[in-house]
Each structure stands twice: as structure tokens, then as C-alpha cells.
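Every value quoted in this text rests on a predicted model; they were computed, and no experiment measured them.
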Amino acid sequence: MMRQVQPPQTPNQRNSLFNAMNCFIGAVNNMDQTIMVPSLLRDVPLEEDRVMSSLKSDEAEGDMFSYYQLLKSIRRDIEWGVRCATADERRKENMKITRTNSSGSTCSYSSTCSYSSFSSEEDLEEEEDLEKLFQYHLTGLQGVLSKLTQQANFLTKRYKKEIGIGGWGQ
């Protein structure tokens, strides 16, 4: 297995969301390729390690297999989008509400636009809030992806250690 060589990046590119997602997906792909028999991870407790402790929840300690599954699930959500039954149900319900409102409503888009021109100060404040909110969530997402990448790499190394090939391929 050969790792892909990435072209040199500027400091701004290293801090991009796109790069963080690619690093995480690459780490999970590497983990997936390295762990040939995921069932060997069942009932293997996590060692107390600062990398994995940040993923632990208060509800359950979990084993290596559950973290392996979790990391793969997050990768799938990043690649394909979050698709769950409740989201589909909400979307269908919203479609019903929208259809009901649009058929019984006499309000047009132009009247909405003219109304919004009266509240330009509020719009500017809302835009600033949206920008701050976006920056906040972007920073948080990049941080989470960085931690998840570390955890995928740690899980890969731990698997190699468990099966006795700890020093290979590093």
C-alpha cells in the first residue's frame, strides 16, 4: 500500500475545511485498508490515551470495534451526506406544510422582498451574526475533523500493535 503524495500547501490551504475533510477521509481509508479483520477489534478495550479519550462518551466506554464503526460512519456521512430516517420524515413533513401554505397563501415573493427592504439594519445585523456563526462552526468542524483524524491514525497503530506488526509501514 502506497500513500499518495500531496503537493505542497500554503498555510491557508492547510487550515481549510476541504483539507481537514480530505485528511480525515484519508486516515479512515488507511485505517480501513489496514484493518483486514475488524472483528478482531471486538471487546478490545481502549488504552487510556489522550487521543482516544476525547472521543469517549459519558454513556459508555466502548471498545475498539465500536470506534472503528463510528469513524467509518462519520466518513460515510461526510462523503454522502447525513441521511437518516428522521431527516427524511422531516423533509416530507416540510414539503406537506410548504404545499399547504403555498396553495392557500396570496403573498408573493415581491411583497416579501419589499418588506425586507424596510428592515435593512436588522438584515445587516443578521448577516454579521450569520458570518460569526459560520466562522464559529467552521472552526469547530475543523477542530473535530482534526481530532477524528488523530483517532483514526491511533486506531490503525493500535490495531497493528494488537496483531503484532506495530513497527511496519511507518
Give the cluster check for Trp80 versus Ile25: same hydrophobic cluster or not, with ILVMFWY residues linked at side-chain heavy-atom distances below 4.5 Å. no

How long is the gap from CZ on Arg42 to CE on Met64, to the nearest 0.5 Å? 13.0 Å

Counting C-beta onward and ignoring hydrogens, is there a side-chain heavy-atom pair between Arg158 and Val44 closer than 4.5 Å? yes

Test Leu145 against Leu17 for side-chain contact (heavy atoms from CB on, under 4.5 Å), laying out the working first. CA-CA 9 Å; Leu145 285 169; Leu17 177 61; 3.8 Å; yes

First locate atom OG of Ser16, then atom CG of Leu138, and finally report the distance between them rounded to the nearest 0.5 Å. 9.0 Å

Say whether Leu130 and Phe134 are linked into one hydrophobic cluster, either directly or through other cluster members, by side-chain heavy-atom distances under 4.5 angstrom. no

Any chance you could measure Tyr136, atom OH, to Leu141, atom CG, to the nearest 0.5 Å? 12.0 Å

Check the pair Asn153, Thr156 against side chain to side chain donor-acceptor pair (under 3.5 Å), reporting the backbone distance first and the verdict last. CA-CA 5 Å; Asn153 290 332; Thr156 303; 5.3 Å; no

Output the distance between atom CD (Gln151) and atom OH (Tyr67), rounded to the nearest 0.5 Å. 8.0 Å

In Å and rounded to the nearest 0.5 Å, what is the NZ to CD1 distance from Lys160 to Ile35? 10.0 Å

Run the side-chain contact (heavy atoms from CB on, under 4.5 Å) check on Phe65 and Asp43 step by step: do they pass? CA-CA 7 Å; Phe65 183 76; Asp43 301 324; over 6 Å; no

Measure across Tyr159 and Thr34 and return the closest heavy-atom pair with its distance rounded to 0.1 Å. CE2-O, 3.5 Å

Do the non-hydrogen side-chain atoms of Asp32 and Leu71 ever get within less than 4.5 Å of each other? no

Nearest-0.5 Å distance that lies between atom CZ in Phe154 and atom OG1 in Thr149: 15.0 Å

Qualifying residues under side-chain contact (heavy atoms from CB on, under 4.5 Å), relative to Leu133, sequence neighbours excluded: His137

Report yes if some heavy atom in the side chain of Arg75 is under 4.5 Å from a heavy atom in the side chain of Lys72; otherwise report no. yes

Going by the salt bridge (charged side-chain N to carboxylate O under 4.0 Å, His left out) test, which pairs reach into residues 131-145, not counting sequence neighbours? none

Residues forming a salt bridge (charged side-chain N to carboxylate O under 4.0 Å, His left out) with Asp77, sequence neighbours excluded: none

